[in-house]
Amino acid sequence: MKTNYYKTILKKIENKDLTVGIIGLGYVGLKLLLQFANKNYRTFGFDNDKKKIQNLKKNKSPISYISNQNISKIRNKTFYSNNFKNIYSCDVLIICLPTPLNIKNEPDLSDIKDCIFNLKKILRKGQTIILESTTYPGTTNEIIVDKLKNFKIGKNFFVGYSPERENPGSKNFTFWNTPKIISGHTKKCQKIVENLYKKIVKKVIISKNLMDAETAKIFENVYRSVNIALVNEMRFILKKMQIDINEIIDLAKTKPFGFSEFRPGPGVGGHCIPIDPLYLSWIAKKKGYNTKFIKLASQVNLETTKKILKEIKKIVSKQKNKKILIIGLSYKKNIEDTRESAGVKFFTKLLDDKINVRFLDGLVKELKYKNILHKSIDLNYKSFSKYGTIVICSDHDFYNYSKILSSSNLIIDLRNRYKFRHEKIIRI
Ligand code: SAJ
């Protein structure tokens, strides 16, 4: 009797004898694995980082806001591996691999392409592959569907796309309460993805096809990049008129419609907002359209970091005490991720300029630069007076900012942490 793979997998989803494999255990993949494991699905976590796999097997989390306890809680239904030996036993494989840019600032999908190349040899009928990585419209078709010609997609194999919406360090938006867009290559693929994600997220939003789902995600990030660039530029415009951008945003955000709050910062970090939008401008150019906003926003955000650094150096040059302390090296508060972080750019450039600079970050304990390991100073609220200037780059919520203010000589507040004017506080 012919196997009905579609019905089989739907049944497995319902009676939870489904095995879910997550490929790529970063802040997206590991979070996703926890969702399925906590709903009693058998899960496999695949990652090529041997150290990470070893630690996970010892119930040690690689991410500060995912506790070791979270990991140990799922140990009896989760298996970790840095090879693909157990792919065969996974009914669903969800790919959460990075999508960086290459040195020419073009999309680099090599992680996903290599993954599919290796998976192809060992996939079996009845499996489903879902891509979660942020990428340009058309990717899932191009590098997954078109590579699986030996299967009948929608009949004996299924493919979907569901963009991640992780907001690292956020407490209000949980996985469960953040609506999840889903899509499938065929209606049956879509149904499988829909039923699967409905088990772990409160609201599933159905996209009519893969490309729309890919586009929605990248548009979300273009939207952020452009609006962050706007406020970053506004702050320099208004400074010419001695107007404080943050006070203007406080006024403007009282409008209950048609205005969403963004804040100027030291520049845009992370591996999403500085990078994902360029995936869209790249594909647009390939399709014959030269985007303006996207590239301009990227340039403005990058220039912001350079301008801020120049301002910091100018301010410090006027201080008797030239010592600088940077608070927060991560790219935003309450996380340890330093990718594309403005704080790291400031710290390393000041070091290069032979300026006496240290950093304090309870989540970024050390930073290796030019083969020297720089360590965060210990937190001692009385020690801030040792520095001529304190630069708040990432304002982790766990610091006591009134104590910092009382013991500092001068603070450059790049995160609008102090909502009031004070002679010791400079906002650039
Ligand atoms: N930033 C500002 N001003 C703002 C907002 C952000 O300067 O008003 C800076 C942040 O400090 C940070 C950078 O921009 O350096 C990016 O911040 P972010 O929170 O937008 O970006 P990510 O990369 O941590 O996460 C975002 C997610 N964030 C939100 O939606 C709030 C979400 O778009 C995606 O899940 C994720 O990118 C991704 O992976 O695409």
Side-chain angles (χ1 to χ4, degrees), residues 24 26-32 63-65 96-100 131-136 162-175 177-181 201 213-236 245-246 248-250 252-253 259-280 297-298 300-305 307-308 327-346 363-364 392-397 413-417 427-428:
Y27 75 94
V28 173
L30 189 56
K31 193 79 170 291
L32 193 58
I63 299 176
S64 65
Y65 56 85
C96 306
L97 293 170
T99 49
L131 180 64
E132 285 233 349
S133 309
T134 307
T135 183
Y136 58 79
S162 176
E164 57 86 6
R165 275 181 170 170
E166 274 307 301
N167 188 18
S170 157
K171 294 189 180 61
N172 336 336
F173 300 107
T174 63
F175 192 96
N177 70 17
T178 302
K180 196 95 165 58
I181 296 173
V201 72
E214 291 162 332
T215 308
K217 169 63 186 176
I218 206 144
F219 179 58
E220 285 167 25
N221 285 1
V222 167
Y223 168 80
R224 291 185 68 71
S225 172
V226 168
N227 279 287
I228 294 166
L230 175 63
V231 282
N232 276 332
E233 180 168 68
M234 275 302 280
R235 91 161 8 104
F236 295 117
I245 174 78
N246 282 296
I248 302 307
I249 294 166
D250 291 342
K253 74 177 192 176
F259 181 85
S260 41
E261 179 186 355
F262 287 84
R263 291 280 172 181
V268 171
H271 56 291
C272 319
I273 308 303
I275 288 167
D276 298 342
L278 299 178
Y279 267 62
L280 188 60
S298 274
V300 168
N301 286 328
L302 280 173
E303 272 158 29
T304 294
T305 305
K307 283 183 180 164
I308 298 271
I327 294 182
L329 279 202
S330 56
Y331 75 81
K332 70 177 187 178
K333 69 177 181 178
N334 305 337
I335 61 168
E336 74 272 34
D337 195 334
T338 57
R339 281 175 284 192
E340 309 287 327
S341 146
V344 169
K345 290 175 187 169
F346 293 156
L363 295 176
V364 183
I392 298 180
C393 247
S394 278
D395 54 326
H396 297 308
D397 289 330
D413 177 8
L414 298 175
R415 291 293 186 176
N416 188 40
R417 191 74 200 192
R427 282 211 283 245
I428 298 178

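For the numbers below, each heavy atom of this structure counts, side chains included, while hydrogens, waters and symmetry mates do not. Whatever order the structure lists them in is the order used to number ligands and atoms, beginning at 1.
Protein heavy atom at the shortest distance from atom 19 (O) of ligand 1 is K332 NZ, 2.8 Å. Atom 20 (O) of ligand 1 has its closest protein heavy atom at R224 NE, 2.5 Å. Of the protein's non-hydrogen atoms, Y331 OH, 3.7 Å is the one closest to atom 22 (P) of ligand 1. Nearest protein heavy-atom neighbour of atom 21 (O) of ligand 1: I273 CG1, 3.6 Å. For atom 3 (N) of ligand 1, the nearest non-hydrogen atom of the protein is R263 O, 2.7 Å. Residue, atom and distance of the protein heavy atom nearest to atom 6 (C) of ligand 1 are I228 CD1, 3.5 Å.
Closest heavy-atom approach to atom 38 (C) of ligand 1 within the set E164, E166, H271, E132: this belongs to E164.
Panel note: side chain S162, backbone I181; a donor-acceptor pair is recorded below 3.5 Å. A donor-acceptor pair under 3.5 Å is absent between the side-chain atoms of R427 and the main chain of D413, judged by distance alone. Side chain of R235 to main chain of G265: a donor-acceptor pair is present (N/O by atom type, distance under 3.5 Å, no hydrogens or angles). A side-chain donor-acceptor contact under 3.5 Å links N334 to the backbone of D397. Formation of a donor-acceptor pair under 3.5 Å by the T304 side chain with backbone atoms of V300 is found in this model. Between the side chain of S133 and the backbone N or O of P98, no donor-acceptor pair lies under 3.5 Å. Within the 3.5 Å criterion, the main-chain N or O of L329 finds no donor-acceptor partner in the side chain of T338. Checking side-chain atoms of K217 against main-chain N and O of E164 turns up a donor-acceptor pair under 3.5 Å.
At least one heavy atom of R415 sits less than 4.0 Å from an atom of ligand 1. Using a 4.0 angstrom heavy-atom cutoff, C272 counts as in contact with ligand 1. Assignment of Y223 to the shell around ligand 1 is not supported, since no heavy atom sits closer than 4.0 Å. For the pair K217 and ligand 1, a heavy-atom separation below 4.0 Å is found. The shortest heavy-atom distance from E220 to ligand 1 is not under 4.0 Å.
At a heavy-atom distance under 4.0 Å, only side-chain atoms of D276, from C-beta outward, approach ligand 1. At a 4.0 Å heavy-atom cut-off, ligand 1 does not touch F173 at all. Only the side chain of N221 comes within 4.0 Å of ligand 1, judged by heavy-atom distances.
Under the 6.0 Å distance and 45° angle rule, K31 does not count as a cation-pi partner of F175.
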Please determine whether side chain to side chain contact (heavy atoms under 4.5 Å, CB included) holds for the pair D337 and H271, giving the CA-CA distance in whole Å, both sets of side-chain angles, and the decisive distance to 0.1 Å. CA-CA 9 Å; D337 195 334; H271 56 291; 3.9 Å; yes

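The heavy-atom pair separating P264 from N246 by the smallest distance is CD-OD1, 3.8 Å.
Interface atoms of ligand 1 facing R165, defined by a heavy-atom separation under 4.0 Å, are 35 (O). Under a 4.0 Å criterion applied to the non-hydrogen atoms of F262, ligand 1 contributes the atoms 8 (O). The Y27 neighbourhood of ligand 1 comprises atoms 38 (C), 39 (O), with distances under 4.0 Å to a heavy atom of that residue.
Residue-environment remark: CZ (F259) exceeds the threshold of 12 foreign heavy atoms within 6.0 Å.
An N or O contact shorter than 3.5 Å links N167 to ligand 1 by distance. Residue G269 has at least one N or O atom closer than 3.5 Å to an N or O atom of ligand 1.
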